[in-house]
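Below is one structure, written out as structure tokens; comments come after it.
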Amino acid sequence: MGSLAKSSRVLLPGVFGVAGIFMGAGAMAAVPVSTVAVPGEFEVAGGPSLAFANSGSVAYSGPGSLKLNPGMLAIEKQYSMGADYHWPAFGREFYKLGVVDSQTSPVAAGVSYTSFVTPDDAAFGGEGSSDGRYVARRVGLGAAWAFRTFAAGVSGQWTEAGPPAASFEVDTKSPGAVHGTSLNAGVVGLLTPSTRIGFSVEGLANNSVGIYSPSYTRVGLASLVSQGQTSVHLDWQRRETLPGEIEEEQMVTGSFSVKIYDYLRLLGAYGKDPLPGHSRETAAAGISLVGPKFSLSYAASRPDVRMEDAHQAINLNLELSM
């Protein structure tokens with residue numbers, strides 16, 4: 001125990017020192033470019049996904065699975081609750097709450113809730129409704145079924161937003177307010193006992209809320225190595241174009257999670273848009289304290305390394321007994 005405590009005292013300042021360099025060095029070297037910034041809330045699923053640069057679609061089975069891949073809800077037996085708070089690089093601060101129950105019934109189920117702090121504190125570039133400034137809240141509900149070698153799931157999301165206005169006021173009761181749903185679906189298969197592959201689509205039937213809930217297509221691969229001490233992931237995703245964009249965006253992201261000692265995990269990711277002429281790159285890192293029934297993590301992400309701003313978040317996940 002003394003050796004572990006001593007090592008932790010050395011390791012933790014080093015980790016946060018590296019995180020500080022990661023956040024600050026980019027700010028000194030970044031050259032702002034003209035681009036359509038996507039609100040952090042559009043991309044982030046919750047849980048550890050920010051430390052995976054908004055990837056890890058088959059690496060995470062918590063409430064964020066409703067967005068990334070609903071089939072993951074049924075992969076692990078759990079009754080858990082998650083809570084995140086986010087300081088995004090673009091858009092308003094927001095929080096996410098969610099519960100997953102795949103233990104008390106043959107059908108795994110999950111629910112999530114997303115809302116925002118006051119819009120006056122937001123950082124927005126330019127004008128327009130597609131930057132998400134008028135979204136008031138989102139509610140997600142999903143279910144998944146596990147079979148011998150694969151799992152499949154579906155989820156729905158209800159979005160409430162005010163009409164575009166000259167001010168930052170979010171008025172969900174005016175005649176032009178938006179209330180609508182979109183659908184997500186996903187499947188996860190086991191290539192081997194330690195390797196998963198999955199496919200998912202987010203934002204099906206999103207005609208009424210398309211500018212606030214763009215559609216994503218994702219393919220993911222995840223594998224456990226080093227006797228489960230490390231997981232590595234590779235993801236590809238495509239997002240539909242938003243107003244102001246000429247071409248769709250794609251992203252290929254590699255990420256990892258490695259166990260250090262008994263209660264500490266380090267996470268990281270790097271992603272790049274592979275399309276010719278596209279130069280967006282992402283990078284992220286995180287640290288997580290993991291206990292038998294809980295985890296507490298901090299993550300920082302540069303959603304576009306060409307820009308100065310970073311997205312930061314804290315997450316708490318609790319395993320509940322039933």
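Note that the structure is predicted; figures quoted are calculated from it, not measured.
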Is it the case that Gln78 and Ser102 place a side-chain donor and acceptor less than 3.5 Å from each other?
no
Give a yes or no on whether the ring-centroid distance for Phe256 and His233 is below 6.0 angstrom.
no
Might you work through the salt bridge (Lys or Arg N to Asp or Glu O under 4.0 Å) test for Glu249 and Arg280, ending with a clear yes or no?
CA-CA 9 Å; Glu249 179 185 79; Arg280 182 188 178 196; 2.7 Å; yes
Contact between Arg137 and Trp158 at the side-chain level, heavy atoms closer than 4.5 Å - yes or no?
yes
To the nearest 0.5 Å, how far apart are OG in Ser288 and CG in Leu267?
6.5 Å
Are Tyr261 and Val290 linked, directly or through intermediate hydrophobic residues, by side-chain heavy-atom contacts shorter than 4.5 Å (ILVMFWY only)?
no
Given side-chain contact (heavy atoms from CB on, under 4.5 Å), test Val188 with Ile75 step by step and report yes or no.
CA-CA 8 Å; Val188 183; Ile75 287 294; 4.0 Å; yes
Separation between OG1 of Thr282 and CE of Met251, rounded to the nearest 0.5 Å:
5.0 Å
Start with the C-alpha gap between Asn69 and Ser57, add the side-chain angles, then the distance that decides, and say whether side-chain hydrogen bond (donor to acceptor under 3.5 Å, both in side chains) holds.
CA-CA 6 Å; Asn69 188 326; Ser57 61; 5.3 Å; no
Looking at every non-hydrogen atom in both residues, tell me the closest pair between Asp309 and Ala89 and how far apart they are.
CB-CB, 3.6 Å
Using side-chain contact (heavy atoms from CB on, under 4.5 Å), reason through Phe116 and Val135 one step at a time and then give a plain yes or no.
CA-CA 8 Å; Phe116 303 80; Val135 178; 3.6 Å; yes
Determine yes or no for a side-chain-to-main-chain donor-acceptor pair under 3.5 angstrom, with Arg302 supplying the side chain and Met307 the backbone.
yes
Does any non-hydrogen side-chain atom of Asp84 lie less than 4.5 Å from one of Leu50?
no
Where the side chain of Asn315 meets the backbone of Ser297, is there a donor-acceptor pair that is under 3.5 Å apart?
no
Do Val154 and Pro70 touch side chain to side chain, with heavy atoms closer than 4.5 Å?
no
Side-chain donor-acceptor pair under 3.5 Å between Thr195 and Ser223, yes or no?
yes
Please determine whether residues Val187 and Val107 belong to a single hydrophobic cluster, defined as Ile, Leu, Val, Met, Phe, Trp and Tyr linked transitively by side-chain heavy-atom distances below 4.5 Å.
yes
On a heavy-atom basis, which atom in Tyr212 and which in Ala161 lie closest, and how many Å separate them?
CE1-CB, 3.6 Å
Indicate the atoms forming the closest heavy-atom contact of Pro274 with Val252, along with that distance.
CG-CG2, 4.0 Å
Considering all heavy atoms of both residues, which atom of Pro214 and which atom of Leu242 are nearest to each other, and what is their separation?
CB-CD2, 3.8 Å
Should Thr241 and Glu247 be marked as a side-chain hydrogen bond (donor to acceptor under 3.5 Å, both in side chains) after you check the CA-CA gap, both sets of side-chain angles, and the distance that decides it?
CA-CA 6 Å; Thr241 59; Glu247 296 180 304; over 6 Å; no
Heavy atoms only: give me the nearest Ser279-Lys272 pair and the separation to one decimal.
CA-NZ, 4.5 Å
Test item: Ser115 side-chain N/O and Ala136 main-chain N/O as donor-acceptor pair under 3.5 Å
yes
Looking at Lys67 and Phe42, would you say the former's side chain and the latter's main chain have a donor-acceptor pair under 3.5 Å?
yes
Under the criterion side-chain contact (heavy atoms from CB on, under 4.5 Å), I'd like the reasoning laid out for Arg265 against Ile287: C-alpha separation, chi angles, the key distance, then a yes or no.
CA-CA 6 Å; Arg265 277 194 172 272; Ile287 184 170; over 6 Å; no
Give me the one residue out of Gln312, Glu93, His311 that meets side-chain hydrogen bond (donor to acceptor under 3.5 Å, both in side chains) with His86.
His311
Distance, nearest 0.5 Å, that separates NZ of Lys77 from OG1 of Thr104
9.0 Å
To the nearest 0.5 Å, what is the distance between CG on Leu316 and CG on Leu318?
4.5 Å
Find out whether Asp101 and Gln103 are in side-chain contact, i.e. whether some heavy atom of one side chain is under 4.5 Å from a heavy atom of the other.
yes
Taking Ser213 for the side chain and Gly210 for the main chain, is one N or O donor matched with an acceptor at less than 3.5 Å?
no
Linking I/L/V/M/F/W/Y whenever any side-chain heavy atoms sit under 4.5 Å apart, do Leu191 and Tyr60 land together?
no
Can you find a pair of side-chain heavy atoms, one from Lys96 and one from Arg138, that are under 4.5 Å apart?
no
Answer yes or no: is there a side-chain heavy-atom contact under 4.5 Å between Tyr95 and Ile314?
no
Could you tell me which non-hydrogen atom of Leu97 sits nearest to which non-hydrogen atom of Ala83, and how far apart they are?
CD2-CB, 3.7 Å
Say you draw a straight line from NZ of Lys259 to CG of Asp262; how long is it, rounded to the nearest 0.5 Å?
5.5 Å
So do Leu66 and Leu73 actually touch side chain to side chain, heavy atoms under 4.5 Å?
yes
Do Glu240 and Asn206 have side-chain N/O donor and acceptor atoms under 3.5 Å apart?
yes
When you check the gap from the basic side-chain N to the acidic O, do Glu281 and Arg306 get nearer than 4.0 Å?
no
Do Phe52 and Thr253 pass the side-chain contact (heavy atoms from CB on, under 4.5 Å) test, and can you show the C-alpha distance, the side-chain angles, and the key distance before you say yes or no?
CA-CA 8 Å; Phe52 295 152; Thr253 306; over 6 Å; no
Same hydrophobic cluster for Leu234 and Val58, using side-chain heavy-atom links shorter than 4.5 Å among ILVMFWY?
no
Side-chain heavy atoms of Ser49 within contact of Leu68, under 4.5 Å:
yes
Any salt bridge linking Glu202 with Arg238? Criterion: basic side-chain nitrogen under 4.0 Å from a carboxylate oxygen.
no
Interatomic distance, Ile197 atom CD1 to Thr192 atom OG1 [nearest 0.5 angstrom]:
11.0 Å
Between the side chains of Asn317 and Ser295, does any donor sit under 3.5 Å from an acceptor?
no
Quick check: is Tyr113 connected to Tyr85 through a chain of hydrophobic side chains (ILVMFWY, heavy atoms under 4.5 Å apart)?
yes
